[in-house]
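Computed from a predicted structure; not experimentally measured.
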Amino acid sequence: QVQLVESGGGLVQAGGSLRLSCAASGRTFRSYTMGWFRLAPGKEREFVASIRWNGDSTYYADSVKGRFTISRDNARYTAYLQMNSLKPEDTAVYYCAADQKPFRSTLVSKVLDFGSWGPGTQVTVSS
């Protein structure tokens with residue numbers, strides 16, 4: 001498994017943008033599908049997006065489709081989440097996570113599919 005640390009969160013006005021980064025501990029990063037999740041007060045952890053280990057396929061929650069873009073740089077062991085047109089309902093702690101299984105052929109989106117998690121970064125969108 002890999003160790004993950006998120007960065008890039010902050011306070012932004014509605015309609016603004018943020019780019020989150022997820023730095024991994026080592027080259028095993030290249031083997032795993034990466035995902036982004038978020039946790040808002042009073043809600044369950046919610047899937048946001050995932051990207052396959054080789055970067056050739058992505059999957060998004062309907063709530064962020066067309067506004068958020070997930071990407072990865074395997075040479076830098078880093079995953080990204082570009083968030084545009086942010087809304088107050090996007091306010092949450094955002095977590096990156098690595099798939100439990102290396103080189104999985106299908107994209108995953110459930111919390112239990114992911115085995116390594118970062119500590120999270122707060123995103124607050126003001127109205």
Side-chain angles (χ1 to χ4, degrees):
Q1 293 297 328
V2 295
Q3 293 184 341
L4 305 169
V5 178
E6 304 91 342
S7 62
L11 174 64
V12 64
Q13 289 188 334
S17 298
L18 282 175
R19 188 194 196 203
L20 305 184
S21 298
C22 173
S25 57
R27 62 192 303 170
T28 55
F29 169 84
R30 304 172 183 174
S31 307
Y32 294 96
T33 287
M34 295 298 297
W36 286 95
F37 290 77
R38 64 188 182 186
L39 181 61
K43 296 187 177 181
E44 294 186 353
R45 192 167 299 202
E46 175 190 20
F47 169 77
V48 175
S50 60
I51 184 167
R52 202 153 70 170
W53 58 272
N54 60 1
D56 70 346
S57 186
T58 58
Y59 178 55
Y60 295 93
D62 288 343
S63 58
V64 306
K65 201 173 294 182
R67 300 189 297 123
F68 291 11
T69 302
I70 189 172
S71 61
R72 66 190 298 157
D73 185 337
N74 282 350
R76 297 179 182 270
Y77 312 145
T78 304
Y80 304 96
L81 185 69
Q82 177 67 44
M83 306 186 295
N84 299 329
S85 302
L86 282 161
K87 305 175 182 180
E89 51 263 44
D90 294 318
T91 295
V93 178
Y94 283 71
Y95 300 87
C96 68
D99 192 345
Q100 292 209 49
K101 298 181 180 181
F103 304 115
R104 199 193 300 248
S105 59
T106 56
L107 284 170
V108 290
S109 61
K110 297 180 180 178
V111 171
L112 292 178
D113 291 323
F114 293 83
S116 298
W117 295 81
T121 186
Q122 177 71 47
V123 171
T124 303
V125 184
S126 63
S127 58

Using a 4.5 Å cut-off between side-chain heavy atoms of Ile, Leu, Val, Met, Phe, Trp and Tyr, which other residues end up in the same hydrophobic cluster as W53? F103
Main-chain N/O of I70 paired to Y60 side chain as donor or acceptor, under 3.5 Å: yes
Quick one: salt bridge (charged side-chain N to carboxylate O under 4.0 Å, His left out) partners of R76, sequence neighbours excluded? D73
Contacts of D62 meeting side-chain hydrogen bond (donor to acceptor under 3.5 Å, both in side chains) (sequence neighbours excluded), chain-then-number -> K65
When clusters are formed by joining ILVMFWY residues with side-chain heavy atoms under 4.5 Å apart, either directly or through shared neighbours, do Y94 and V111 land in the same one? no
For residues 42-51, dump all side-chain donor-acceptor pairs below 3.5 Å to protein atoms at least two apart in sequence or in another chain.
{"unit_1": "E46", "atom_1": "OE1", "unit_2": "R38", "atom_2": "NE", "d": "2.8"}
{"unit_1": "E46", "atom_1": "OE1", "unit_2": "R38", "atom_2": "NH2", "d": "3.4"}
{"unit_1": "S50", "atom_1": "OG", "unit_2": "V108", "atom_2": "O", "d": "3.1"}

Qualifying salt bridge (charged side-chain N to carboxylate O under 4.0 Å, His left out) pairs, either residue in residues 116-127, two or more places apart: none
Per the disulfide (SG to SG under 2.5 Å) rule, what does the pair list look like for residues 11-101, sequence neighbours excluded? C22-C96
Quick one: which residue pairs count as a ring pair (Phe, Tyr, Trp, His ring centres under 6.0 Å) with a foot in residues 108-127, not counting sequence neighbours? F37-F114, F37-W117
Minimum heavy-atom separation for W36 to E6, with atom names? CZ3-CG, 3.9 Å
Apply side-chain hydrogen bond (donor to acceptor under 3.5 Å, both in side chains) to S71 and list each qualifying residue two or more places apart in sequence or on a separate chain. none
Can you confirm whether D90 sits close enough to M83 that some side-chain heavy atom of one is under 4.5 Å from a side-chain heavy atom of the other? no
Sequence neighbours left out, what passes side-chain hydrogen bond (donor to acceptor under 3.5 Å, both in side chains) with T121? Give chain and number order. none
May I ask you to check if R72 and F29 form a cation-pi contact, with NZ or CZ under 6.0 angstrom from the six-membered ring centre and within 45° of the axis? yes
Check whether any side-chain N or O of Q100 sits under 3.5 Å from a backbone N or O of L112 as a donor-acceptor pair, and report yes or no. yes
Residue pairs involving residues 92-102 (criterion salt bridge (charged side-chain N to carboxylate O under 4.0 Å, His left out); sequence neighbours excluded): D99-R104
Using the side chain to side chain contact (heavy atoms under 4.5 Å, CB included) rule, pick out the option among V12, L11, T124 that qualifies with L18. V12
Are the side chains of V123 and L20 in touch, meaning some heavy atoms are under 4.5 Å apart? yes
Can you list everything that forms a side-chain hydrogen bond (donor to acceptor under 3.5 Å, both in side chains) with K110? Sequence neighbours excluded, please. none
Pair listing, side chain to side chain donor-acceptor pair (under 3.5 Å) test, anchored in residues 11-27, at least two apart: S17-N84
Donor-acceptor pair, side chain of S116 and main chain of A98, under 3.5 angstrom: no
